[in-house]
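Read the structure below first, then the notes.
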Amino acid sequence: MTAKLTRLSFLALPLAATMAFGAATTVHADDWQPTSSVEFIAPANPGGGWDTLVRTSSRVIQEEGLAERNFAAINTPGGGGAVAWAQIARDAGNPHKIFATSPPIILVPLAGTSRYDHTDFTPIARLITDYSIVLVPADSEYESLNDLMEAMAANTSLSVGGGSAPGSMDHISIAGLASAAGLNAADVNYIPFSGGGEAMTNLMGGHVEAVITGAGEAAGQLGEGSDIRALGVSAPERLGGALADIPTYLEQDIDYTFDIWRGVMGTPDMPEEAVAYYENLFAEMLETDGWADARDQLGWLDAYQTSEEFGDFLDAQKEQFSEVLSELGLLGD
Amino acid sequence: MEAFNNLMYGFGIALEPMNIAYVFFGVFAGTIIGMLPGLGPISALALMIPITFAMEPSSGLILMAGVYYGAIFGGSTSSILLNAPGVAGTVATSFDGYPLAKQGMAGKALAIAAYSSFIGGTVSIIFLMLVAPLLGKVAVSFGPAEYFALMVLGLTAVVSLSDKSLVKGLIAAVVGVMISIIGIDLQTGTERYTFGAAHLLDGIDFLVVALGIFALAEVFYMLLRGGGGKEQPRNAIGSLKLSGRECRDIAAPIGRSSILGFFTGVLPGAGATIGSFLGYSMEKRLAKDGDTFGKGNIKGVAAPEAANNAACTGSFVPLLTLGVPGSGTTAVLLGALLVMGVTPGPAMIESRPDVFWGVIASMYIGNIFLLVLNLPLIPLIAKILDMPRPLLLALILIFCMIGVYGMSFSVFDLLLLLGFGLLGLGMRLFGFPAAPLILALILGAIMEESMRRALQISGGDWMIFIDKPISMWLLIIAALSLVLPMVKKAIAGARARA
Amino acid sequence: MTRLNVNQVLALCLALVAVGYLAMAWQIPDFPLPRPVDSDLFPKVLGFTLLGLSLLLFLEKPKAQDIPDELDPNEQAQPLLLRPWSRVVVTSLAIVVYALLLAPIGFVVASTTLSFGLAWYYGYRRHGVNMAVSLGVVLALYLTMTKVMDVYLPTGILPL
């Protein structure tokens with residue numbers, strides 16, 4: 001029962017966190033508390049990005065004693081998230097149901113395979129982000145991103161592999177980059193693989209000429225004696241650690257950045273008090289040592305945004321994605 | 001002798017008391033997870049990541065690797081006893097394992113599965129140890145064109161798997177590819193045959209089809225043929241002993257399938273399932289008594305079991321030497337390693353020899369544990385078949401349902417399982433073989449995907465399949481394997497007439 | 001009119017499936033970007049192959065293994081609910097009911113009831129043993145998955 005006592009003693013903390021973050025939320029965070037365990041849904045199978053986020057944050061929240069109630073990690077796979085979204089959309093107003101989210105919440109509806117998009121749900125907080133990275137074989141003739149872009153302009157069959165279907169994250173990322181570099185987005189010969197790992201294997205074997213994937217996923221592949229080399233990252237500033245040597249797109253005079261963000265959303269019309277509670281809870285979680293350890297090991301970067309900021313950000317993302325998709329001719333009606 | 005010194009160093013790590021405990025716990029948990037249909041090694045490992053979070057990386061990987069190969073080892077048990085494959089890699093084992101069990105030779109089938117798994121596992125660890133660093137190059141040499149050719153070669157096995165009626169076998173295979181096409185097409189993001197159902201967007205899970213067509217259909221079939229309580233008891237287990245002749249019979253298939261399985265495992269994306277099917281169909285074609293495959297031939301158990309365990313070990317090659325995952329399971333392992341602060345890749349053998357050699361050494365120990373653990377358990381586990389028929393049928397059913405639900409958490413998949421059970425029953429009643437459907441289901445999707453990917457890279461030039469030497473040779477072998485038996489038959493026919 | 005044999009009936013059914021499949025293949029939209037082989041090629045090839053194979057099946061003479069075996073006449077004489085085909089139908093319905101009730105009444109109750117009920121229906125009369133085995137197996141699986149593996153399963157009416 002000691003665990004329970006320590007958890008109770010943390011009840012006073014949300015207030016402190018609100019002040020520490022001084023964010024837009026002035027609602028009293030301790031007005032509302034979960035009255036039953038919270039269902040934290042990963043709209044995918046165990047092992048993927050959403051699942052890792054859900055399980056890691058549930059674990060940190062529990063270990064650090066941030067919430068009185070249990071956060072139950074639930075997997076609802078199917079349709080790239082569409083199955084889970086449909087279920088959550090039916091549960092309007094439920095304050096005990098939240099889910100992990102990332103660009104597919106915008107891209108999947110744009111592709112026409114989900115009836116629900118981000119506007120159907122309540123944004124709670126953006127938590128972390130990753131960036132895209134452009135890779136070529138170590139012995140490639142392309143020394144900079146501009147070399148590659150010139151070659152792509154001259155030869156539209158130059159193959160660029162990525163880890164997802166056309167019209168989804170990696171494709172948007174490279175098409176947007178090409179467009180920003182003055183190419184026709186639709187001229188990118190994007191080769192979809194079933195994951196970033198498979199794309200990188202094909203790059204090492206020389207089956208494709210370049211690959212776009214997540215920087216976190218590629219980090220382990222780069223360095224001394226590696227078969228592959230990075231030309232640029234989509235971050236606004238240089239990244240740290242193993243990726244510190246890689247120039248950003250901006251440094252190479254291509255005005256383009258791309259975020260692979262992850263955050264948390266709640267059921268449609270979730271009560272304001274509940275939103276404020278979760279918003280603060282996650283803000284608090286990001287400050288703990290337990291989170292810092294897990295985050296660094298998983299190669300994530302903190303990118304907290306409050307509910308309101310996150311909502312605006314999502315709208316802006318939708319606009320950006322729609323633009324690229326319509327340039328590609330992939331925007332359904 | 002460098003390999004020997006390294007191995008000794010590895011054993012130094014693997015034999016630490018804690019690590020021995022981890023190996024033991026890993027293979028034990030793996031065996032159980034493998035036996036339960038549905039809950040496969042992927043989810044099990046993903047769910048274990050929090051447990052390994054704080055461990056030494058070598059211990060963590062030793063534990064998780066143990067779960068992985070333990071599951072492939074244990075998966076054969078439910079394939080043989082219940083016709084319900086525990087993991088995807090052991091589907092082929094049920095083709096002959098289950099008929100053997102029905103003939104009262106469950107003990108023998110399980111023993112052969114255990115020995116073959118052990119040998120397949122051990123042979124491939126030796127390969128892994130000796131040539132892993134060189135094999136990284138082989139693994140990446142397979143691009144889309146080569147995969148397409150490999151899948152074509154694999155699909156030619158449909159002919160030998162449909163022995164009763166070629167037409168019906170081919171129909172089953174076409175239906176298998178049709179099932180594999182359901183869902184979002186990765187090459188274009190277009191929905192195909194989803195009927196607007198969000199549950200179908202990701203396609204139909206292979207294990208749902210396999211459990212339906214094999215296990216559930218078998219339950220239905222038994223219900224039709226007097227599932228009541230009047231079934232007289234039979235000698236369900238039989239002896240575990242193999243005669244000298246039987247040992248000689250299975251020695252060559254085990255050896256060949258171990259090597260084939262290992263190299264299949266090394267190729268990213270191929271893995272234990274495809275390895276076991278390739279091993280099975282290779283032995284069926286090579287065997288003089290190939291026509292008794294599928295009716296309870298011991299070679300039909302030995303070959304896929306040696307191959308799937310070898311492939312499982314082989315799949316560690318791309319993971320450990322390149323740092324790229326070759327399968328869903330190794331992708332999760334890669335994630336776990338990153339969490340533990342180890343970056344697998346070309347530099348890992350130098351930078352973290354404790355992890356690399358420790359894991360390899362632990363695999364030897366793990367395989368011995370598995371054999372020692374499983375052999376005495378066989379008579380015990382096989383007792384399942386002594387259960388009263390009505391209770392057994394109900395339990396198999398509930399097993400499949402729980403397995404499917406625990407894998408996808410989806411009620412929709414339970415209904416799909418029922419649908420495939422009824423399809424399987426129909427196929428059974430009207431003499432359609434199930435094996436070609438399953439084979440085509442696995443290979444068909446990869447074949448289409450890699451063909452289109454290759455053509456997308458080549459700009460629509462079909463010569464890419466001939467220009468690449470590996471792809472060309474695989475296609476030639478595929479063509480020969482179709483033509484040669486026909487030529488043989490024609491010659492034999494001509495002689496008979498002369 | 002001569003009666004069609006088994007293979008011919010099957011062939012006609014399969015041909016129908018193939019035609020329906022092909023009709024759907026033509027509705028797969030073109031991909032806006034140039035693809036050497038688009039999403040619809042494979043389905044079209046498969047549809048025509050199935051059509052061709054059903055023609056071959058139509059011409060193939062049925063052999064022994066193509067015709068379902070006769071069912072046991074004693075079994076057929078049983079009360080309607082216990083006849084062989086009734087057993088398949090009842091089991092299928094039970095699975096559907098199980099699937100629909102799983103979430104509302106919970107994993108443990110639904111699974112135990114299904115297992116116990118089916119074993120009873122198939123003719124197992126030692127209810128005590130049946131209950132113990134059904135509950136034991138389900139609980140063991142449930143606890144392994146929820147407590148050890150940390151997988152969420154619907155709890156339903158039980159506070160487990």
Side-chain angles (χ1 to χ4, degrees), chain B residues 32 36 39 43-44 47-48 50 164-165 167-168 170-171 174-175 177-178 181 185 187-190 192-193 219-220 223-230 388-391 393-395 397-399 401-402 405-406 409 411 414-415 417-418 421-422 425 429-431 448 451-452 455-456 458-460, chain C residues 6 10 14 21 24 28-29 31 35-39 42-43 46 49-50 53-54 56-57 60 63 65-66 68-69 71-72 75 82 84-85 87-88 91-92 95-96 98-100 102-103 107 111 114-116 118-120 122-125 129-130 133-134 137-138 141 145 149-153:
Chain B
I32 307 237
L36 302 176
L39 187 64
S43 346
L47 300 164
M48 278 176 76
K164 284 173 190 157
S165 155
V167 173
K168 287 191 172 176
L170 290 174
I171 290 176
V174 169
V175 173
V177 183
M178 285 176 166
I181 276 186
D185 173 16
Q187 298 304 306
T188 57
T190 314
R192 294 191 290 185
Y193 298 94
V219 170
F220 283 147
L223 288 177
L224 273 187
R225 311 289 310 276
K230 281 155 267 153
R389 204 39 139 22
L391 191 58
L393 291 184
L395 282 181
L397 241 159
I398 205 81
F399 238 57
M401 311 276 284
I402 293 178
Y405 190 78
F409 317 100
V411 164
L414 287 178
L415 301 176
L417 174 74
L418 173 62
L422 293 171
L425 176 66
L429 291 175
F430 294 105
E448 191 208 5
M451 184 189 101
R452 291 170 59 194
L455 289 173
Q456 179 73 25
S458 74
Chain C
V6 185
L10 284 173
L14 282 167
Y21 191 87
M24 287 186 70
I28 295 173
F31 192 63
R35 300 278 122 165
V37 172
D38 207 345
S39 310
F42 252 69
L46 286 172
T49 314
L50 188 61
L53 286 170
S54 31
L56 289 178
L57 184 64
E60 194 173 84
K63 285 176 245 137
Q65 83 264 1
D66 297 328
D69 308 335
L71 296 169
D72 184 350
E75 294 257 317
L82 295 177
W85 273 107
R87 282 198 289 255
V88 173
T91 306
S92 306
I95 292 176
V96 173
Y98 171 82
L100 296 180
L102 184 61
F107 179 84
S111 307
L114 179 71
S115 170
F116 177 79
L118 283 179
W120 185 346
Y122 298 154
Y124 192 58
R125 291 288 170 263
V129 180
N130 188 354
V133 172
S134 298
V137 168
V138 170
L141 284 172
M145 289 173 84
M149 315 298 298
D150 209 16
V151 176
Y152 173 85
L153 293 172

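Below, chain A is the first sequence line, B the second, and so on; all start at residue 1. All heavy atoms count here, side chains included; hydrogens, waters and symmetry mates do not.
Only the side chain of C/L10 comes within contact range of chain B, with heavy atoms under 4.5 Å apart. Looking at B/L417, neither its backbone nor its side chain comes within 4.5 Å of chain C, counting heavy atoms on both sides. Contacts of B/L397 with chain C are made by side-chain atoms alone, with heavy-atom separations under 4.5 Å and no backbone atom involved. Residue C/I28 touches chain B through its side chain alone, counting heavy-atom pairs closer than 4.5 Å. When heavy atoms are compared at a cutoff of 4.5 Å, B/L422 approaches chain C solely by way of its side chain, counted from C-beta outward. For a residue to count as touching a neighbouring chain, one of its non-hydrogen atoms must lie under 4.5 Å from one of that chain's; by this rule C/V137 touches chain B with the side chain only. Residue contact with chain C, scored on non-hydrogen atoms closer than 4.5 Å, involves the side chain of B/I398 exclusively. Both the backbone and the side chain of B/L170 come within contact range of chain C, each with at least one heavy atom under 4.5 Å from a heavy atom of that chain. Of the atoms belonging to B/M401, it is side-chain heavy atoms, and not backbone ones, that fall under 4.5 Å from chain C. Using a 4.5 Å cut-off between heavy atoms, B/F409 touches chain C through its side chain atoms alone.
Formation of a donor-acceptor pair under 3.5 Å by the B/Y193 side chain with backbone atoms of C/Y21 is found in this model.
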Margin query: Under the criterion side chain to side chain contact (heavy atoms under 4.5 Å, CB included), I'd like the reasoning laid out for B/M451 against C/F42: C-alpha separation, chi angles, the key distance, then a yes or no.
Written below: CA-CA 11 Å; B/M451 184 189 101; C/F42 252 69; 3.7 Å; yes

Note to self: Test side chain to side chain contact (heavy atoms under 4.5 Å, CB included) on C/R35 and B/Q456; report intermediate values, then the result.
What the structure shows: CA-CA 7 Å; C/R35 300 278 122 165; B/Q456 179 73 25; 3.5 Å; yes

Margin query: Under the criterion side chain to side chain contact (heavy atoms under 4.5 Å, CB included), I'd like the reasoning laid out for B/L224 against C/R87: C-alpha separation, chi angles, the key distance, then a yes or no.
Written below: CA-CA 7 Å; B/L224 273 187; C/R87 282 198 289 255; over 6 Å; no

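Rounded to the nearest 0.5 Å, atoms OG1 (B/T190) and CG (C/D38) are 6.5 Å apart. Taking OG from C/S115 and CZ from B/F399, the interatomic distance works out to 10.5 Å, rounded to the nearest 0.5 Å.
C/L153 places a side-chain heavy atom less than 4.5 Å from the side chain of B/Y405. The shortest side-chain heavy-atom distance between B/L391 and C/Y122 does not fall under the 4.5 Å cut-off.
Side chains of C/E60 and B/S165: a donor on one and an acceptor on the other come within 3.5 Å.
B/G459 approaches C/P36 most closely through the heavy-atom pair C-CG, 4.5 Å. Closest approach of B/A394 to C/L118, counting heavy atoms only: CB-CB, 4.0 Å. Closest heavy-atom contact between B/R192 and C/S39: NH1-O, 2.7 Å. Shortest non-hydrogen contact noted between B/P390 and C/A119 is CB-O, 3.7 Å.
Interface check for chain C: of the options B/L414, B/I32, B/V167, the most heavy-atom pairs under 4.5 Å are formed by B/V167. For the set C/L100, C/T49, C/V129, C/V133, the count of heavy-atom pairs under 4.5 angstrom toward chain B peaks at C/V133. Looking only at heavy-atom pairs under 4.5 Å with chain B, the residue among C/A103, C/P29, C/S134, C/S92 that has the most is C/S92. Contact tally against chain C (heavy-atom pairs below 4.5 Å) for B/D185, B/L455, B/T188, B/V174: the top residue is B/T188. With chain B as partner, the option from C/L114, C/V138, C/L102 having the largest number of non-hydrogen pairs under 4.5 angstrom is C/L102. With respect to chain B, the highest number of heavy-atom pairs below 4.5 Å among C/N130, C/V6, C/L53 belongs to C/L53.
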